[in-house]
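Residue numbers start from 1 in every chain, and the chains themselves are labelled A, B, ... in the order their sequence lines are given, proteins ahead of strands. Atom set for the values below is all heavy atoms of this structure, side chains included, hydrogens, waters and symmetry mates excluded.
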There are 2 protein chains.
Amino acid sequence: MPDATDWSSTPKGEATAARIREVALDQFSRLGFERVTLGGIARAARVSQPALHYHFQDKAQLWRSAMLALAAVIAEEERLMAVARDLPAVSQLRMAMRLFLQISWNHPALGRIVALEGMAGGERLEWLNRRLIGPRNRRLAELARQAIADGDLRPFPPEMLIVTLQTGGVGVINLAPLMREGFGVDPDLPAARAAHEEMILEALLGGFLTERGRARESVR
Amino acid sequence: MPDATDWSSTPKGEATAARIREVALDQFSRLGFERVTLGGIARAARVSQPALHYHFQDKAQLWRSAMLALAAVIAEEERLMAVARDLPAVSQLRMAMRLFLQISWNHPALGRIVALEGMAGGERLEWLNRRLIGPRNRRLAELARQAIADGDLRPFPPEMLIVTLQTGGVGVINLAPLMREGFGVDPDLPAARAAHEEMILEALLGGFLTERGRARESVR
DNA sequence: AGCTTTTCTGATTTTGTAGTCAGAAAGTGA
DNA sequence: TCACTTTCTGACTACAAAATCAGAAAAGCT
C-alpha cells in the first residue's frame with residue numbers, strides 16, 4: 001500500500017485515489033460519517049470496494065484523507081487575508097467573514113462536516129479542531145478580541161461571536177435540504193448569490209457592531 | 001404490542017415506554033440517529049433490548065416517538081406567543097426568538113436534532129418538517145414578511161432570515177463540543193445564561209433591523 | 001387460588017457493512 | 001519475451017447491531 005498522505009507519489013494509483021477522495025468528500029459532507037458506506041463510495045468511484053482498502057487503511061483514514069483537501073481551501077483563505085493585515089481588526093474580520101461565506105458556497109463540504117461533527121463530538125471533531133479549524137478559529141477570535149478592544153465590536157465573548165457568525169452563515173448556506181423541504185424554497189440561486197452574501201454578511205456582522213464600528217465601516 | 005402513539009393507554013407499560021423515550025431522545029440528540037444503538041438505549045433505560053421492540057416497532061419508530069415529546073414544547077411556545085398577538089410583527093418576532101433561545105437551552109435535543117437531520121436530509125428530516133418544525137417555521141416566516149412590510153426589518157428573504165436566526169442561535173447554544181474542544185471554553189454557564197441570551201438575541205436580530213425597527217424597539 | 005393478559009427476557013437469527021486475502025490484470029523495465 | 005511491481009478484483013471472514021421468537025415473570029381479574 002502506498003502512503004496515501006504522500007501527495008507526490010505514484011502517478012497511476014494516485015489518479016484513482018484522488019477520484020475516491022473526491023467521491024468520499026462529497027458523500028461524507030452530505031450524509032455524515034456513519035451514513036456513508038464504503039460500498040457506496042466504491043460504486044460511485046467505479047472501483048471495487050477492496051480498492052479503497054488498497055489506497056486507504058480504513059474508513060476513518062479515508063475520511064481524514066478526504067478532509068485534507070479542505071486544508072488547501074483554508075490555506076488559500078489565509079493567503080488572501082494577508083493583504084488586509086494592516087486594516088483595523090473589525091475590517092479584517094469583515095473580510096474573513098466574506099471569504100468564509102464564499103468558501104461555504106464553493107465548498108459546502110467544509111461547513112457541513114464541521115457542523116455535523118461539531119454536534120456529535122468525538123474523535124473526528126477533535127481531529128478537525130487540531131488539524132483544520134482550530135487554528136483558524138483562534139485567529140478569528142483574536143481578531144474579534146482586538147476589534148472589541150478597539151471599541152468597534154460589542155463586548156461579546158469572542159469565541160461565541162465567531163461560532164455565532166460562522167454557524168449562522170453555514171446555516172443559511174448549507175441547510176439546503178431543510179429549506180427546500182420545509183419552505184419549498186430552492187436555495188441554489190447563483191444569480192442572486194453575491195447579493196445574498198452581502199446581505200447575510202451585513203445582517204450577521206452588523207448586529208455585533210458598535211456605533212463606532214458602524215461609523216468606521218462607512219469611512220473605509 | 002400496545003399502540004405507542006396512544007398516550008393515555010396502559011399505565012404500567014407506559015412508564016417504561018416513557019423512560020425509554022426519554023433515554024432515546026437524549027442519545028439521539030447527542031449522537032445522531034446512526035451512532036445510537038438499541039443496546040445502548042436498553043442499557044441506559046435498564047431494560048432488555050427486546051423490550052424496546054415490544055414498545056416500539058423499530059428504531060425509526062422509536063426515534064419518531066421520542067421526537068413527539070418536542071411537540072409539547074412547541075405547543076407551549078405557541079401558547080406563550082398568543083399574549084403578544086397584538087404587538088407589531090417585529091416585536092412578536094423578537095419574543096419568538098427569545099422563547100426559541102430559552103427552548104434551545106432547556107431542550108438542546110430540539111435544535112441539535114433538527115440541525116443534524118437538516119444537514120443530511122432524508123426521510124427523518126421530511127417527517128420533522130411535516131410534523132414539527134414546518135408549521136412553526138412558516139408562522140415565523142410570515143411574521144418576518146409582515147415586519148418587512150412594516151419597514152421594521154430589512155428586506156431579506158423571510159425564510160432565509162428565519163433559518164439564519166435559528167441556526168445562529170442553535171449554533172451558539174448547541175455546538176458545545178466544538179467550543180469546548182476548539183477553544184477550551186465551557187459553554188455551560190447558567191449564571192451568565194440570561195445575559196448571554198439577551199446578547200445573542202440583540203446581536204442576531206439587531207443585524208436585520210432597519211433604523212425604523214430599531215426605533216420601534218426602543219419605544220416599546 | 002387459578003386463569004388471563006400484559007410486560008419483559010435469554011437465546012437466536014438476520015442483515016448490513018468493514019475489513020482480509022489469494023490471486024488476476026495491468027503496467028514497467030530488462 | 002520474461003521477470004517484476006503496482007494496482008485492483010472476487011470471494012470470503014468478522015463483527016456489530018437490528019430484529020425475532022419462544023417462553024418466563026409480573027400484574028390484573030374472577
Q. Given dC8(C), is OP1 or OP2 found less than 4.0 Å from the side-chain N or O atoms of Thr16(B)?
A. yes
Q) Is His53(B) near enough to dC8(C) that one of its side-chain N or O atoms lies under 4.0 angstrom from OP1 or OP2? A) no
Q: Mark yes or no for whether Arg124(A), through its side chain, and Ala60(A), through its backbone, hold a donor-acceptor pair below 3.5 Å.
A: no
Q | Leu38(A), nearest nucleotide to its side chain (from dA19(D), dG19(C), dC8(C)) | A | dG19(C)
(Q) Expressed as a whole number of angstroms, how long is the span from His55(B):NE2 to dT6(C):P? (A) 13 Å
Q. Can we say Arg131(A) and Glu126(A) salt-bridge, meaning some charged N sits less than 4.0 Å from an Asp/Glu carboxylate O?
A. no
Q) Can you tell me how far C1' of dA19(D) sits from CG of Leu62(B), to the nearest Å? A) 14 Å
Could you go over nucleotides 9-11 of chain D and give all protein N or O partners under 3.5 Å, atom names and distances?
from	atom 1	to	atom 2	distance (Å)
dT9(D)	OP2	Ser48(A)	N	2.6
dT9(D)	OP2	Ser48(A)	OG	2.7
dT9(D)	O5'	Ser48(A)	OG	3.3

Q. Should Arg19(A) and Glu22(A) count as an ion pair when the cut-off is N to O under 4.0 Å?
A. no
Q) Once the angle between the rings of Phe33(A) and Phe28(A) is folded into 0 to 90°, is it parallel (under 30°), tilted (30 to 60°) or perpendicular (over 60°)? A) parallel
(Q) Under a 4.0 Å threshold between the charged nitrogen and the carboxylate oxygen, would Arg138(B) count as salt-bridged to Glu159(B)? (A) no
Q | Test: Arg130(A) and Glu123(A) ion pair at under 4.0 Å | A | no
Q | Length of the CD1-P vector between Ile20(A) and dA18(C), whole Å | A | 14 Å
